[in-house]
Amino acid sequence: MSQGLAVVTGASSGIGLELARCCARDGYALLICSDTAEIEEAAEALRAEGAKVETLQADLATPDGVARLIAAVGSRPVEALLANAGIGLGGAFLDQDLGRALRVVQLNIEGTVRLVHHVGRRMRARDRGRILITGSIAGFLPGSFQAVYNGTKAFLDNFSVGLRDELRDSRVTVTCLMPGATETDFFETAGMEDTKVGRADKADPADVARQGYAAMCEGESGVVTGFMNKVRTVFSGLLPDTVLAEMHRRMARPGEG
Ligand SMILES: NC(=O)c1ccc[n+]([C@@H]2O[C@H](COP(=O)([O-])OP(=O)(O)OC[C@H]3O[C@@H](n4cnc5c(N)ncnc54)[C@H](OP(=O)(O)O)[C@@H]3O)[C@@H](O)[C@H]2O)c1
């Protein structure tokens with residue numbers, strides 16, 4: 001039976017593709033979006049598994065890209081919004097290209113805020129809908145050598161809970177998926193393959209997505225995936241930020257992988 005429309009951003013690969021797969025298995029029709037033509041390959045794979053899929057190639061780091069996604073949704077009700085598109089950028093902040101650093105902010109924060117604002121308003125008007133935002137355990141840690149990215153994820157982890165509370169009297173739920181290091185294209189895109197975290201064993205994106213999807217379906221406030229990541233978030237609340245930054249330095253410093 002159709003569950004209605006699920007919009008999944010950043011669904012061409014990694015966690016987003018697996019989130020789309022979870023939605024499709026549960027009977028959602030999909031509108032999936034990413035910035036490159038790889039979204040078509042993802043759609044083919046999902047269709048081969050029986051999913052009903054529309055695609056949009058749009059740069060969600062720009063207001064125009066988000067507007068194009070909103071236009072593609074049109075007047076249809078969105079039952080589930082999985083705002084997952086995001087990128088990282090490794091290296092020392094002052095050595096980064098400023099444009100690339102700002103693009104991390106524009107995609108992870110601005111693009112997500114624009115999309116959630118539009119879809120969230122319409123969900124509130126209908127008094128139904130589920131929103132899943134992909135944050136990160138990085139949001140708990142000051143991110144030496146990944147400082148802008150961790151800052152964007154701190155924003156999303158925090159924003160998600162605030163929005164959820166504002167909607168507490170409605171039937172719209174907001175859930176934050178907070179993975180740790182996961183085996184996706186993320187570290188290559190971020191230029192972090194020569195770091196300890198880039199080389200470390202990582203979680204399976206399908207497992208991560210299943211946990212996030214289940215939390216969204218249950219209307220939970222959020223889920224930190226994986227036992228060790230749960231431990232890390234507990235410690236992050238106990239240790240001083242300066243110690244956490246030092247720990248992050250060891251994981252993310254270039255050339256130490
Ligand atoms: N992997 C990890 O260790 C990890 C841990 C915690 C949180 N996360 C978060 O998980 C989310 C998904 O990342 P991932 O790990 O699955 O990496 P990924 O495989 O690189 O996926 C990133 C997705 O975002 C899309 N994307 C990138 N730039 C975009 C843009 N400007 N406009 C629209 N879509 C864009 C990519 O598609 P195109 O390349 O086709 O544009 C891709 O579909 C991100 O928010 C990331 O911060 C990842």
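In each ligand, atom 1 is the first atom listed, and ligand 1 is the first ligand listed. Residue indices begin at 1 and follow the sequence shown.
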Review point. Is there a heavy atom of G135 sitting under 4.0 angstrom from any atom of ligand 1?
Key: yes
Review point. When rounded to the nearest 0.5 angstrom, what distance separates CZ in R122 from CG in L81?
Key: 11.5 Å
Study note, to complete from the structure: Counting from 1 in the order shown, the ligand 1 atoms closer than 4.0 Å to a non-hydrogen atom of A11 are 43 (O)
Exercise for review: Flag S34 as yes when one of its N or O atoms lies below 3.5 Å from any N or O atom of ligand 1, and as no otherwise.
Suggested key: yes
Check your understanding: Does N84 reach ligand 1, in the sense of a heavy atom lying below 4.0 Å from it?
Key -> yes
Exercise for review: Can you figure out which of L60, L69, I133 has its heavy atom closest to atom 32 (N) of ligand 1?
Suggested key: L60
Review point. CG/L163 to CZ/R124 distance, rounded to the nearest 0.5 angstrom?
Key: 9.5 Å
Practice item. Indicate, as side chain, backbone, both or neither, the part of P205 found under 4.0 angstrom from ligand 1 when only non-hydrogen atoms are considered. Key: neither
Point to revise | Pairing of R128 and E79 as salt bridge, 4.0 angstrom limit | key: yes
Revision key, fill the gap. Contact region, A58 to ligand 1, non-hydrogen atoms below 4.0 Å, reads backbone
**Study point:** R164 and E220 ion-paired at < 4.0 Å
**Key:** no
Review point. Which is closest to atom 2 (C) of ligand 1 in terms of heavy atoms, V66, I39, T182, L177?
Key: T182
Practice item. Check whether any N or O atom of F187, backbone or side chain, sits under 3.5 Å from an N or O atom of ligand 1, and answer yes or no. Key: no
Check your understanding: Below 4.0 angstrom, N of the basic side chain to O of the carboxylate: do R199 and E193 qualify?
Key -> no
**Study point:** Region of M178 engaging ligand 1 - heavy atom pairs below 4.0 Å
**Key:** neither
Exercise for review: Please state which part of E183 comes within less than 4.0 Å of ligand 1, counting heavy atoms only: side chain, backbone, both or neither.
Suggested key: neither
Review point. Is the shortest side-chain N to carboxylate O distance from R130 to D26 below 4.0 Å?
Key: no
Review point. About how many Å separate CZ of R249 and CD of E256, when rounded to the nearest 0.5 Å?
Key: 8.5 Å
Exercise for review: Answer yes or no: does an N/O atom from T36 fall short of 3.5 Å to an N/O atom of ligand 1?
Suggested key: yes
Review point. Considering distance alone, does some N or O of I87 sit under 3.5 Å from an N or O of ligand 1?
Key: no
Review point. Can the ring centroids of Y149 and F186 be said to lie less than 6.0 angstrom from one another?
Key: yes
Revision key, fill the gap. Interatomic distance, CD1@I15 vs CG@D207, rounded to 0.5 Å, equals 11.0 Å
Point to revise | Under 3.5 Å: N/O of I15 near N/O of ligand 1 | key: yes
Check your understanding: Side-chain donor-acceptor pair under 3.5 Å between Q211 and T225, yes or no?
Key -> no
Check your understanding: Do any N/O atoms on Y149 end up under 3.5 angstrom from N/O atoms on ligand 1?
Key -> yes
Review point. Any N or O on S136 sitting closer than 3.5 Å to an N or O of ligand 1?
Key: no
Practice item. Mind checking whether L107 contacts ligand 1 via backbone (N, CA, C, O), side chain (CB onward), both or neither, at a 4.0 Å heavy-atom cut-off? Key: side chain
